[in-house]
2 protein chains.
Amino acid sequence: MVKLFSALSDETRLRIIKLLGAGERCVCDITAALDMSQPNVSFHLSILKEAGLISDRKDGKWVHYSLAEGDLFSRFLVISICEKYSNDDDSSRLKNSCKSRACS
Amino acid sequence: MVKLFSALSDETRLRIIKLLGAGERCVCDITAALDMSQPNVSFHLSILKEAGLISDRKDGKWVHYSLAEGDLFSRFLVISICEKYSNDDDSSRLKNSCKSRACS
DNA sequence: CTCTTATATAAGTATATATTGATATGATAC
DNA sequence: GTATCATATCAATATATACTTATATAAGAG
């Protein structure tokens, strides 16, 4: 339970959950949307994955992350975050990234 | 939202919420139940209070803390914690403390 | 095979957080 | 008044966390 709340107690990770709420994304798109260094994004993704909140799928060079099917409580938290949290800058950066890449 | 999850991402603070789930408690009883230093307990109480999860009431020498009336989301979290989390050692220490004091 | 792209990991650093011990405040008892 | 008890705050320290730079791995493209 501490691990779950710890995973959610960081703005970057809430932004990632919000992004994934709109559907599966590869690391490069998440990195572009967050406008952060790739190792840092990988670091936050690993924490969310470790907490059981997201899952990954390998596809060639790319790794696609999406919201995980967790227990009722975790899913309620994720849904609440997607509903309450918003970051327009992230989504506009994401759109530009998706247009210029082959990963999706 | 980050502040809320941060407040919940610590075992000591989950223990405090669980204790307060059974009713209002003064700092000395919480300190006894947690078996921790009093300044440390005050520190954690201040974080929970700042996050809007608990509220306090002065009564002479004593300060009594209890779960706050928050928004729906906060209350859901607190209820879930009280339901999922348990620490038998805390409650037995609490009982002994309450027997030997005048604060409640 | 070499080059590039996507991602993860490791080492180092900076900042944040938890904890303790000492002290201050404020209320009650004597 | 002084002494005592309950709580909060401060200073110092230890540990955890976020972030960066550099590097490793692994998959395609040429």
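Being a predicted model, the structure only gives us computed values, none of them experimental.
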Interface with DNA chain D, restricted to residues 36-55 of chain B and to heavy atoms under 4.0 Å: B:Gln38, B:Pro39, B:Ser42

Side-chain donor/acceptor of A:Asp59 to backbone N/O of A:Trp62, under 3.5 Å: no

Parallel, tilted or perpendicular: rings of B:Phe73 and B:Phe5 (30°, 60°): perpendicular

Close side-chain approach of A:Leu77 and B:Leu77, heavy atoms under 4.5 Å: yes

Cationic N near anionic O, under 4.0 Å, A:Asp56 to A:Lys49: yes

d(CG, A:Asp10; P, C:dA16) in whole Å: 12 Å

Shortest non-hydrogen contact from B:Ser42 toward B:Val27: OG-CG1, 4.4 Å

Along DNA chain D (nearest heavy atom to each residue), the more 5'-positioned of A:Lys58 and A:Thr12: A:Thr12

Side chains of A:Ile81 and B:Met1 in contact at under 4.5 Å (non-hydrogen atoms): yes

5' priority, DNA chain D, between A:Arg13 and A:Gly60 [closest heavy atom]: A:Arg13

Between P of C:dT5 and CG of A:Asp59, the distance in whole Å: 18 Å

4.5 Å side-chain heavy-atom contact, A:Leu8 and A:Arg13: no

5′-ward residue of the pair A:Lys61/A:Asp56 relative to DNA chain C: A:Lys61

Segment of DNA chain D, first to last nucleotide, that comes within the 4.0 Å heavy-atom reach of chain B: D:dC5 to D:dT9

Between OG on residue A:Ser97 and CG on residue A:Asp90, distance to nearest 0.5 Å: 12.0 Å

